[in-house]
Each structure stands twice: as C-alpha cells, then as structure tokens.
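To start, the structure itself, in structure tokens.
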There are 2 protein chains.
Amino acid sequence: MNHQAIIRTTATTVYERIRDDILSGSLAPGLKLRIEFVCERYGIGASPVREALNRLSQDGLVVRRDQRGFLVAPVSREQFAELVKTRCWLESIALRESIANRSTEWEEALVLAFHRLSRTKRSLDDGAYTFNPEWEERHRAFHHALISNCGSAWLLAFCAEMRDQADRYRKLAAARVYPQRQGPDEHRAILDATVEGDVERAVGLLQNHYRKTQSIVEQDLA
Amino acid sequence: MNHQAIIRTTATTVYERIRDDILSGSLAPGLKLRIEFVCERYGIGASPVREALNRLSQDGLVVRRDQRGFLVAPVSREQFAELVKTRCWLESIALRESIANRSTEWEEALVLAFHRLSRTKRSLDDGAYTFNPEWEERHRAFHHALISNCGSAWLLAFCAEMRDQADRYRKLAAARVYPQRQGPDEHRAILDATVEGDVERAVGLLQNHYRKTQSIVEQDLA
DNA sequence: GCCGCCCGAAATATCGAGATTTCCGGATCA
DNA sequence: TGATCCGGAAATCTCGATATTTCGGGCGGC
C-alpha cells in the first residue's frame, strides 16, 4: 500500500506541541523549560526535546542560553509595539503586491475564506469568552489569504512568524480583547476594499485592525 | 577569577562553523549532510551536530526531512530572484525609516563604516580574485549600518537572514562578480544620497546595487 | 521486459548514562 | 554587616549504544 508514508519524528511532533502550548499561553512567557520537566510533560526522552527547543530558539519563541538551558520567550509592551509596527510595514507590502497581482482564483479564495470566518463564532460561549479553535484557524486563514498573492514565499514566511507571535499576545489577553471586538466587522471592510482594488483603503484598514488589537492588548501588559 | 565566563556549547560552535561553511560555499548546495560525515569533519559527537542542524534548518540554510536526514539548501535562479525582490522591499523600508530617524551618531557610524570599507581591497590579489575576509566583514558592516537606525529589531533580523542567503549566492559566483564590479563606487553613491537625506535616490541606488549583483550572479546559475 | 516485493546494509532517530557546568546556601574573613 | 569563596546538589550538555526507518539491488510474477 502506502509505499512512501511520511513518518514524523518524535522531535517534530514535540516541536509542534511545545509551539502550540507557547502560542496558546499554556506555557507562560518567561517560564524556565528544564529538560527533565519537558520530558515528563510530553513523555519522551531528552534528545528530541533538545532538538525541538533548538528549533524553537531560532523561531524566537524560546530563548536559549548556552550552559543555562531554555526558557519561554518573555513578552513586553515594547516588544509588542515593535512587532506590530513591523508587521504593519510588511503586511502592507504584501497586500499591495497581492492586489497588484490580482487574479480571479485569488479573489474567490479570499471571499471564501471570509465567508467561512463570518459563519464561525469567535467564542464558543456567547457570554464569557471561551476559546474557539475553529475561529482561530479561519481567522488565520483569512489573513493569510489576503496576502497570499504577493509573490514572495520569503515575505509570507516573515509575516507568518510575526502572526504567530502577535497571536500569542492576543491570546494572552483574549478575555479582554473579546468584549471590545463586538463592533462592525473589520474583516468585511478589509475584504471589500481589497476586492474593489482600493489599495490605499485596504492597507489603511488592515493597519488599523492590527493597531486596534494592539491598544487593547497593551491594557493587559500595563 | 572570571566569576561568570560564558562558555559556549559544542553545539553552538559547530552551528557557527557549519553556517560559515555553507555561506562560503565550502559545503556545496544540495550536499547530503550525513550525521557521521559531519561528526568526522568537525571531530565531535552526534548530539551537538543534530542540534546545530536543527537550528540551521529553521534558518533555511539546511533542509530537514523527517527520517531522511539533512542536506545543504539547494540554490536556483528562481529562488534567488525572489530573494532579491523581497530584500529590496524590506531594505527599502529599513533605509527609509533609518533616514527618517536620522541622528548624528548614526550618520557618523555610517561614514566610518564606509571609510573602513573603502580602505579595504575586495580581493587579496589584484589579478585573479582571492577571497578577502576583511572586505566581506566591512561590506557586511556597511550595509548593516545603512539600515541599523530603522527602529525595528525584527526588520533587522529579517534583513540579516536575507543578507546571509544573498551572500551565499554572491560568494558562489564571486569569481564572476569580481571583474564586473570594478566601476564607480556604488557604495559611495548610496552613502552620499543617504547622508544628504535624499530618500528616493538612496533607496533607488540601493535597489540597483542589489539588482546589478543579481544579474551577474544569474549568469552563473544558467 | 517491467513493475512490484523483499531483504540485507546503511543511515537516522532515540534512549540512557556519564562528564561538565551552573546554581545556591552557608561559612569565612575583613 | 557585607562581600567573597567554597562545596554539594541540580541542571545542562555530550557520548556511546540501540532501535527504527530508509535505501538499493536482486529475484520472481505477469
């Protein structure tokens, strides 16, 4: 049967799990990641754990200090501000290029991604905020679709890296973000401007979208 | 004596050595990096080698395939074109911001970096090209100085990553690049426009600088 | 002849133990 | 009192060996 089944290594599996746990906040910023602690938490040996942590340190999600082990990358208001500023710069380029290279396929995929997002509730509970993994996935997919037509895998990789980091901040403050995000649908406005080909409006709305989240998250970091 | 001497791990040391060997071309693009081969080459065990290769795979200098080991990232004309395009986008932002945030210290450091570069010969031999590590270092330092005032460590890290990759292509084709780089000093022109605060001219010159190298390198990839 | 399968050889990935370094509390001395 | 210097405990890092997977050639079936 499957002549070439791709079997993932333990290191790759635990890399993804640790990554998810950092991005979701269940491994808190600044937490010391003792090798033995991580081994027990995920039920594996030290070698794959060390390989995973080495990868994560290059991603910037983990800090590595020679002879002193690893810790979850800390967060700060200043770091987040710089992150959002840089993200606005790079996603603005990516969105401009995506629109410049517009094609029917891309526009249709974008509309579809928005439709799926709009049909999903942000919180599983209408009252108190309850994390909804499906909304997170579709939100990620929509923002990716916006810039996916930019023509540079390099730029997309940079944007993805910053998106992950920004999502970590947003999730850490999710309980605060949620009630302040009940207004008019910013995603629809961005979609409309993009599909109309109104570059300046689309870019402006996208930047405001990120900066609004920033200001809410910053209340949590104070 | 030294109460807090920072001792580097074997993994970090070999990470830097492999990195240098890939960037300098002494480990050729596409080469299979068998663990045992790397161990013997650098005279160490498998654990630090694997940690180093895992880091390099996140840097994009090495390709990792689960259960099938590692290989030096291959090169291609298309990859290089996309890299240069993206690099122009990002360094343009960084240079614009650096000039917008201009300060005396930054301008002076930039002038100094240019001076040092201009006093160093690109080739140790006036005739045939001979790699000069000092020129490489000062060249790197000058380009870094140009954008170092942009106010974003994120953007600088992205630019550094692309600079490393682009340098690899340039070094692979160095014998061809050298004789075609004997004309008027492009670095001086970029410096002058930057110090004068002529943003558009500086950005244009910088982009042309990269694109000229690109067209020369592409002759080697054909 | 050609495709698919199987099996030995080689390479990768993981485990467990040992060598090296850091950490931290207490003792010593000015 | 405060700074410095141990010394044992704990953690990191590395090595060697083992388990698991892939690779590649040869055999048999269609």
Specify the separation, in whole Å, of atom [atom1] of [X] and atom [atom2] of [N].
| X | N | atom1 | atom2 | answer |
| --- | --- | --- | --- | --- |
| B:Arg64 | C:dA13 | CZ | C1' | 12 Å |
| A:Glu40 | D:dA11 | CD | P | 10 Å |
| A:Asp66 | C:dT20 | CG | P | 17 Å |
| B:Arg68 | D:dG24 | CZ | P | 11 Å |
| A:Asn54 | D:dT12 | CG | C1' | 12 Å |
| A:Ile35 | D:dT14 | CD1 | P | 11 Å |
| A:Glu51 | C:dC15 | CD | C1' | 12 Å |
| A:Tyr15 | C:dT14 | OH | C1' | 20 Å |

Open item on the list: Closest-nucleotide mapping onto DNA chain C: is B:Gly69 or A:Ala46 further toward the 5' terminus? I mean the 5' end.
Closed with: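 Closest to the 5' end, via its nearest nucleotide, is B:Gly69.
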Open item on the list: In terms of relative ring orientation, are A:Phe142 and A:His187 parallel, tilted or perpendicular, with 30° and 60° separating the classes?
Closed with: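 Judged by the thresholds at 30° and 60°, the geometry between A:Phe142 and A:His187 is perpendicular.
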Task: Ring geometry between B:Trp154 and B:Phe158 (parallel below 30°, tilted from 30 to 60°, perpendicular above 60°) - done: tilted
Looking at every strand, decide which applies to [X] at a 4.0 Å heavy-atom threshold: base, sugar-phosphate, or nothing.
| X | value |
| --- | --- |
| A:Thr10 | sugar-phosphate |
| B:Ser47 | base |
| A:Arg65 | sugar-phosphate |
| B:Phe37 | nothing |

Taking 4.0 Å as the cut-off, does a side-chain nitrogen or oxygen of [X] come that near to OP1 or OP2 on [N]?
| X | N | result |
| --- | --- | --- |
| B:Arg50 | C:dA13 | yes |
| B:Lys32 | C:dA10 | no |
| A:Arg34 | D:dA11 | yes |

Task: Electrostatic pair A:Asp66-A:Arg64, nearest N-O below 4.0 angstrom - done: yes
Nearest to the side chain of [X], heavy atoms from C-beta on, is which of [options]?
| X | options | value |
| --- | --- | --- |
| B:Ile44 | D:dA11, C:dA13, D:dC15 | D:dC15 |
| B:Pro48 | D:dT14, C:dT22, C:dT14 | D:dT14 |
| B:Glu36 | C:dT21, D:dT21, C:dA11 | C:dA11 |
| A:Gln67 | C:dA13, C:dT21, D:dT14 | C:dT21 |

Open item on the list: Tell me if the CD atom of B:Glu218 is crowded by more than 12 foreign heavy atoms within 6.0 Å.
Closed with: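 It does: B:Glu218 CD has more than 12 such atoms within range.
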Task: Contact summary for B:Ala52 and B:Ala11, nearest pair of heavy atoms - done: CB-O, 3.9 Å
